[in-house]
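As the structure lists them, so they are numbered: ligands from 1, and atoms in each ligand from 1.
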Amino acid sequence: MKRRPGEVRDAIVSVLGARPRGATVADIKGEVSALIGDVPASSVRSYLQLNTPGLFARMDRAQYVLKEFLDRPLNDRPQAQIKSLVIGNAKLFNADCIGWLEQQPPNSFHAVVTDPPYGLVEYTADEQRKLRSGKGGIWRIPPSFDGSKRAPLPRFTVLKPADLDAVESFFYAWARRLIGVIVPGANVVVASNPLLSYLVSGALSKAGLERRGEIVRLVMTMRGGDRPKDAHVEFSDVSVMPRSMWEPWLVFRKPLNGRVQDNLRKWGTGGFRRISEDRPFGDVIESSPTRPSERAIAPHPSLKPQAFLRQLVRGVLPLGRGVVLDPFAGSGSTLAAAEAMGYQSVGVEKDPEYFRVAQKAVPALARLKFNGA
Ligand SMILES: C[S@@+](CC[C@H](N)C(=O)[O-])C[C@H]1O[C@@H](n2cnc3c(N)ncnc32)[C@H](O)[C@@H]1O
């Protein structure tokens, strides 16, 4: 990949600019790769060494920090000015969640329900500009179906091995920070897709979260099922990939502190809330694609439906108390589901346009009525 001179150095400065406490080479590599595409750890390391002690300083445990931060005491290092808003029991921040998580005190959150950017590149400023102008990029518009127009989908099959490495590094760095701010026994439920879930799952386990299974969202998606491109007549009986009819939501947990009952008593975590006395929380949830009426309220290309999210969000707090976190909040659909359940929630969204959308969407989605939810 051809880079402009100084691109990697500038990306490292931008990543460390949001980390007054510094970061390891592995973390910096993950975040720099998320910003500008894959950059090998060796290259990050040589930029750091080349510019140390000018721009960067090396701390203990192979952490690097911006030199300008090191010259000041920790509590005097600049904090990014972060916009936030309160909507009922929900609080939403307009920030990059990686730096934001670093600023949160330990034991702040009791569950995580989130739908991250899977290929990482699809929510970069460049790809969002292409999506908004309807031209090129990773987003494709699936053909209309049953007369209805479909929302754009990112093409994860175009990711190259280096992009896949960047996905893994990013989720490792993300999970390391997350573990620092959630309570023992907290459930971490992460939306995924069958092409990339193995990478994310591996990174989360490596970071120290315990894998507890997967929730299957049974939904007819627009992925797969197509005949071979430019040869669909010749091979009319062939689907290149299975038509995807489900979506995996990875289920992880921060290791318990003691027994389940100890965690339940101390933190209100360590299990799932039962649906009723005779129905446990299950790992298959029937769902439909997001309804056009919800899309009209919350125009986001990855909007998840309230009917599904409310079941999930309800289940992740076993005693119905605590704070649910969504670090990739998009239009705020998780926060809206938490509002509808009467739970407290916190969201983080880095794109100012989606942050603005969420301001109106959270209360409007939370007001929607469903049978049984
Ligand atoms: C798949 S979408 C979530 C959509 C959401 N579930 C909804 O229903 O609206 C992922 C979101 O994460 C945001 N995002 C990507 N990287 C982020 C980061 N590092 N910090 C915070 N938000 C981020 C993107 O702008 C995007 O809106």
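Looking at S236 and R227, their side chains never bring a donor and an acceptor atom within 3.5 Å of each other. Between the side chains of E247 and W249, at least one donor N or O sits under 3.5 Å from an acceptor N or O. Side chains of S205 and R211: a donor-acceptor N/O pair is absent below 3.5 angstrom, by distance only.
Proximity of P301 to ligand 1 is not established, as no heavy-atom distance is less than 4.0 Å.
With salt bridges taken as basic N to acidic carboxylate O contacts below 4.0 Å, one links K29 and D38. Salt bridge present: K304 and D115 bring a charged side-chain N and a carboxylate O closer than 4.0 Å.
Heavy atoms of other residues, nucleotides or ligands lying less than 6.0 angstrom from CZ of R176 number 12 at most. Annotation: E353, atom CD; neighbour count of heavy atoms from other residues, nucleotides and ligands within 6.0 Å is above 12.
Outside the 6.0 Å centre-distance limit, the rings of F109 and W267 are not counted as a close aromatic pair.
Each of the following atoms of ligand 1 lies closer than 4.0 Å to a heavy atom of A95: 20 (N), 21 (C). Remark: ligand 1 atoms within the under-4.0 Å shell around heavy atoms of D351 are 25 (O). Atoms of ligand 1 found under 4.0 Å from any heavy atom of P116, numbered from 1 in the order shown, are 1 (C). Set against the non-hydrogen atoms of L303, the atoms of ligand 1 under 4.0 Å away are 7 (C), 8 (O), 9 (O). Close contacts of ligand 1 with P327, meaning ligand atoms under 4.0 Å from a residue heavy atom, involve 21 (C), 22 (N).
Contacts with ligand 1 closer than 4.0 Å are made by backbone heavy atoms (N, CA, C, O) of A329 only, the side chain lying farther away. Heavy atoms of H300 found under 4.0 angstrom from ligand 1 belong exclusively to the side chain. With a 4.0 Å cut-off on non-hydrogen atoms, A191 does not touch ligand 1 at all. In Y354, the part holding a heavy atom less than 4.0 Å from any atom of ligand 1 is the side chain.
At the shortest separation from atom 7 (C) of ligand 1 among protein heavy atoms lies S333 OG, 3.3 Å. Nearest protein heavy-atom contact of atom 15 (C) of ligand 1 is P117 CG, 3.5 Å. Ranking protein heavy atoms by distance to atom 19 (N) of ligand 1, first place goes to D96 OD1, 3.2 Å. In terms of protein heavy-atom proximity, atom 1 (C) of ligand 1 is closest to D115 O, 3.2 Å. Taking atom 20 (N) of ligand 1 as the reference point, the nearest protein heavy-atom neighbour is C97 N, 2.8 Å. Closest to atom 9 (O) of ligand 1, if we only count protein heavy atoms, is S331 OG, 2.7 Å.
For the pair K67 and F56, the NZ or CZ position fails the cation-pi test of under 6.0 Å to the six-membered ring centre and within 45 degrees of the ring normal. By the 6.0 Å and 45° rule, R273 does not stack over the aromatic ring of F281.
Tested against F328, the residues Y354, W174, F355 include a single ring-ring contact (aromatic ring centres under 6.0 Å, His included) partner, W174.
For atom 18 (C) of ligand 1, the nearest non-hydrogen atom from the set F93, W174, F328 comes from F328. Of the candidates E349, K350, K304, Q306, E349 brings a heavy atom nearest to atom 25 (O) of ligand 1.
Polar contact check, I98 against ligand 1: no nitrogen or oxygen pair lies under 3.5 Å apart.
Taken to the nearest 0.5 Å, the CG atom of L365 stands 11.0 Å off from the CD atom of E339.
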